[in-house]
Trainee: 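Sending over a structure as structure tokens; questions will come in a sec.
These values consider heavy atoms only, across backbone and side chains, with no hydrogens, waters or symmetry-generated copies. Note that this is a predicted model, so its numbers are computed, not measured.
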Amino acid sequence: MSERPLRADSRLERVLRSGRFAVTAELNAPDSADPEDVYRNALVLAEVCDAINATDGSGANCHMSSMGCCALLTRAGYEPVLQVSCRDRNRIAIQGDLLGAAAMGVKNVLCLTGDDVTVGDQPEAKRVFDLDSIQLLRTARIMCEQGVFLSGRRLTTPPRFFLGAAANPFVPPLEYRHLRLAKKVAAGADFIQTQYCFDIRIFREYMRRVRDLGLHRQVYILVGVGPLRSEKAAEFMRTRVPGVWIPDEIVERLRKTPKKRKREEGIRICVEIIEQVREIEGVHGIHVMAYRQEETVAEIIHRAGLFPRQARPGWQRPRRRDTSSPQLGRVK
Amino acid sequence: MSQMPEARRLPGSEWLKDHPRILEWIYLRSKAVLGRLYPWMRRLSPGWTERLFVRSEEWVKGYLFNCQMCGQCILHSTGMTCPMNCPKNLRNGPCGGVRADGHCEVIPEMPCVWVQAWERSSRMAHYGEEIRLIQPPVNRQLEHTSAWINMFEGIDARTPPGWVPVELEIETSGDP
Ligand code: SF4
């Protein structure tokens with residue numbers, strides 16, 4: 001993985017390449033036209049993260065677009081991950097957006113299927129899903145590598161992207177999820193951000209299958225984590241947010257905690273999970289999703305001992321010097 | 001898109017889909033027979049042939065698979081479970097929203113198309129491995145045309161001109 005030339009020379013890519021344990025976090029796009037609302041949220045994340053994901057209408061709720069957030073973030077020198085979902089735009093709009101994003105300095109793109117319109121606040125909207133997430137990944141990769149649109153028309157200057165995809169190891173069909181990952185890797189994914197991990201047993205099993213296919217050497221895997229505020233929040237997430245699996249033990253643990261210490265307990269659970277996934281071979285980082293509690297992200301990262309960042313356990317510098325990436329030494 | 005979750009369970013259809021080998025056999029036979037017949041029929045009357053195929057597909061595949069007439073049939077690559085029944089039209093595997101009981105994020109009473117597809121394709125004799133193919137974007141112009149004719153004419157295999165196909169490079173031995 002480390003001998004390849006750099007895809008996009010993004011900071012996230014350099015951190016992962018250099019063998020450091022990467023940390024990304026999700027920025028909750030504001031319901032506002034004021035750039036300050038984006039910057040305020042970004043500031044607390046940027047200090048402790050390698051890249052900031054700007055969500056694209058997550059949960060099918062309308063917020064400021066990922067494009068808008070990314071434009072603001074790159075302008076201020078932050079490192080964003082543009083999230084592109086297939087729900088709202090067809091292939092023409094998506095390819096145009098990718099060029100626009102690249103022109104604004106976006107270097108990381110996360111290709112998603114997207115939550116369905118029915119779970120959001122405007123369920124009467126038309127769903128698009130012209131491409132699926134794997135076709136979207138492939139399209140982005142083709143634009144970068146072949147320098148063409150899907151139509152075959154040439155791009156004067158092709159974009160350069162470090163491409164990501166999502167994975168959810170925690171929902172059925174569990175025994176085939178690693179094959180879906182294999183498809184995403186073949187289609188062009190460089191990194192993976194997973195759904196919230198609350199069940200370490202399922203995740204270990206998933207990673208075993210992933211390692212059996214050798215995928216952990218072809219793609220960087222960042223595990224999704226996040227704090228739960230209370231058992232009510234947990235209950236809400238596992239019943240109402242699509243694709244979130246929280247085992248009963250965790251909900252029980254929060255229920256038994258006295259009210260004043262629930263928030264603290266939620267953070268502790270999150271830190272414990274980070275410590276456990278760090279030990280798993282093939283895990284390259286974490287992706288923190290703290291919905292409406294950005295301030296806790298820094299605390300979580302500090303308490304997990306991820307600041308300042310160190311090398312991944314078991315990681316060794318590649319023997320052959322990677323001459324294609326001169327910036328390697330300059331990663332902060 | 002017509003969402004008829006219950007239509008997928010018309011009498012007998014679910015049983016038949018749970019025996020994908022029978023459907024596989026029917027597919028192979030039909031392909032051989034129709035492939036011979038089609039050139040003659042087209043010579044007689046292309047218009048009527050098209051109509052006949054579209055009508056029969058609407059009826060037969062509609063009954064069995066709740067076919068959405070995408071015109072680019074990949075049933076045999078998806079465990080004889082029509083991927084266009086997925087409300088998100090996913091042709092390369094399940095999204096991350098599948099419920100813990102294996103049902104659809106969008107239609108809670110419907111089993112996820114892809115949970116069924118993976119399971120059924122593991123029991124197929126000839127085409128089981130094809131579920132690993134990376135399916136190209138759908139040609140939406142082929143909607144409501146005959147998938148059989150598109151196959152005989154080679155139209156369904158056409159991808160967007162810029163598309164570069166990829167394959168999964170993994171050992172097929174072992175599970176699943
Ligand atoms: S033609 Fe398309 S919509 Fe109809 S059964 Fe085949 S895949 Fe499904």
Trainee: Measure the spacing between CD of A:Glu175 and CH2 of B:Trp118 and express it to the nearest 0.5 Å.
Mentor: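 Atom-to-atom, A:Glu175:CD and B:Trp118:CH2 are 10.5 Å apart.
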
Trainee: May I ask you to check whether over 12 heavy atoms, not counting those of B:Arg51, lie within 6.0 Å of atom CZ?
Mentor: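 Check fails, neighbour count at 12 or below.
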
Trainee: Counting heavy-atom pairs closer than 4.5 Å to chain A, which one of B:Pro137, B:Gly93, B:Gly97 comes out on top?
Mentor: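 Option with the greatest count: B:Pro137.
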
Trainee: What is the distance from atom NZ of B:Lys88 to atom CG of A:Asp132, rounded to the nearest 0.5 Å?
Mentor: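 So the NZ of B:Lys88 and the CG of A:Asp132 are separated by 11.0 Å.
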
Trainee: Once rounded to the nearest 0.5 Å, what's the spacing between atom CG of B:Leu90 and atom CD of A:Gln135?
Mentor: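 One finds 8.5 Å between CG of B:Leu90 and CD of A:Gln135.
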
Trainee: Donor-acceptor check, side chain of A:Arg180 to backbone of B:Pro94, threshold 3.5 angstrom: yes or no?
Mentor: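 Yes, A:Arg180 side chain to B:Pro94 backbone: donor-acceptor pair under 3.5 Å.
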
Trainee: Counting N and O atoms only, with roles assigned by atom type, does the side chain of A:Gln195 sit under 3.5 Å from a partner on the main chain of B:Gly96, one being a donor and the other an acceptor?
Mentor: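 Absent.
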
Trainee: Got a second to check how far B:Ser122's OG is from A:Tyr176's OH, nearest 0.5 Å?
Mentor: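 OH of A:Tyr176 is found 4.0 Å from OG of B:Ser122.
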
Trainee: Does A:Ile92, at its CD1 atom, have more than 12 non-hydrogen atoms belonging to other residues, nucleotides or ligands within less than 6.0 Å?
Mentor: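 Open.
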
Trainee: Determine the minimum heavy-atom distance between B:Ala100 and A:Pro172, stating which atoms define it.
Mentor: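 So the two residues come closest at O-CG, 3.5 Å.
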
Trainee: Taking the side chain as every heavy atom from C-beta outward, state whether B:Val98 and A:Arg177 have any atom pair closer than 4.5 Å.
Mentor: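 Yes, at least one pair of side-chain atoms sits under 4.5 Å.
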
Trainee: Say you draw a straight line from CD1 of A:Ile134 to CZ of B:Arg91; how long is it, rounded to the nearest 0.5 Å?
Mentor: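 Between atom CD1 of A:Ile134 and atom CZ of B:Arg91 there are 13.0 Å.
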
Trainee: When you compare the side chain of B:Glu119 with that of A:Pro173, does any pair of heavy atoms fall below 4.5 Å?
Mentor: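 Result no, sub-4.5 Å side-chain heavy-atom pair not found.
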
Trainee: Name the member of A:Asn168, A:Asp115, A:Asp116, A:Val171 that forms the most heavy-atom pairs with chain B at distances under 4.5 Å.
Mentor: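 Most heavy-atom pairs within the cutoff with chain B belong to A:Asp116.
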
Trainee: Are A:Arg138 and B:Val164 side-chain neighbours, meaning at least one heavy-atom pair lies under 4.5 Å?
Mentor: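 A side-chain contact under 4.5 Å exists here.
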
Trainee: Considering non-hydrogen atoms only, spot the tightest contact between A:Ala186 and B:Leu168 and give its length.
Mentor: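 Between these two residues, the closest heavy atoms are CB-CD1, 3.9 Å.
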
Trainee: For the candidates B:Asn92, B:Ile131, B:Val166, which exhibits the highest count of non-hydrogen atom pairs separated by less than 4.5 Å from chain A?
Mentor: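 Going by pairs under 4.5 Å, I would pick B:Asn92.
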
Trainee: Can you see which heavy atom on B:Pro87 is nearest to which on A:Arg127, and at what distance?
Mentor: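 Closest approach of B:Pro87 to A:Arg127, heavy atoms only: O-CD, 3.3 Å.
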
Trainee: To the nearest 0.5 Å, what is the distance between NZ (A:Lys183) and CG (B:Leu133)?
Mentor: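 Going from the NZ atom of A:Lys183 to the CG atom of B:Leu133 covers 7.0 Å.
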
Trainee: Can you see which heavy atom on A:Thr113 is nearest to which on B:Cys95, and at what distance?
Mentor: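 Closest approach of A:Thr113 to B:Cys95, heavy atoms only: CG2-CB, 4.1 Å.
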
Trainee: Using every non-hydrogen atom in the two residues, find where B:Trp163 and A:Ile142 come nearest and quote the distance to one decimal.
Mentor: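 Minimum heavy-atom contact is CA-CD1, 3.8 Å.
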
Trainee: So which residue, A:Leu136, A:Asp130, A:Thr139, ends up with the most heavy-atom pairs under 4.5 Å with chain B?
Mentor: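 Greatest number of close heavy-atom pairs with chain B: A:Asp130.
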
Trainee: Which answer fits A:Val185, side chain, backbone, both or neither, if we ask what part of it has an atom under 4.5 Å from a heavy atom of chain B?
Mentor: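 Interface part for A:Val185: neither.
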
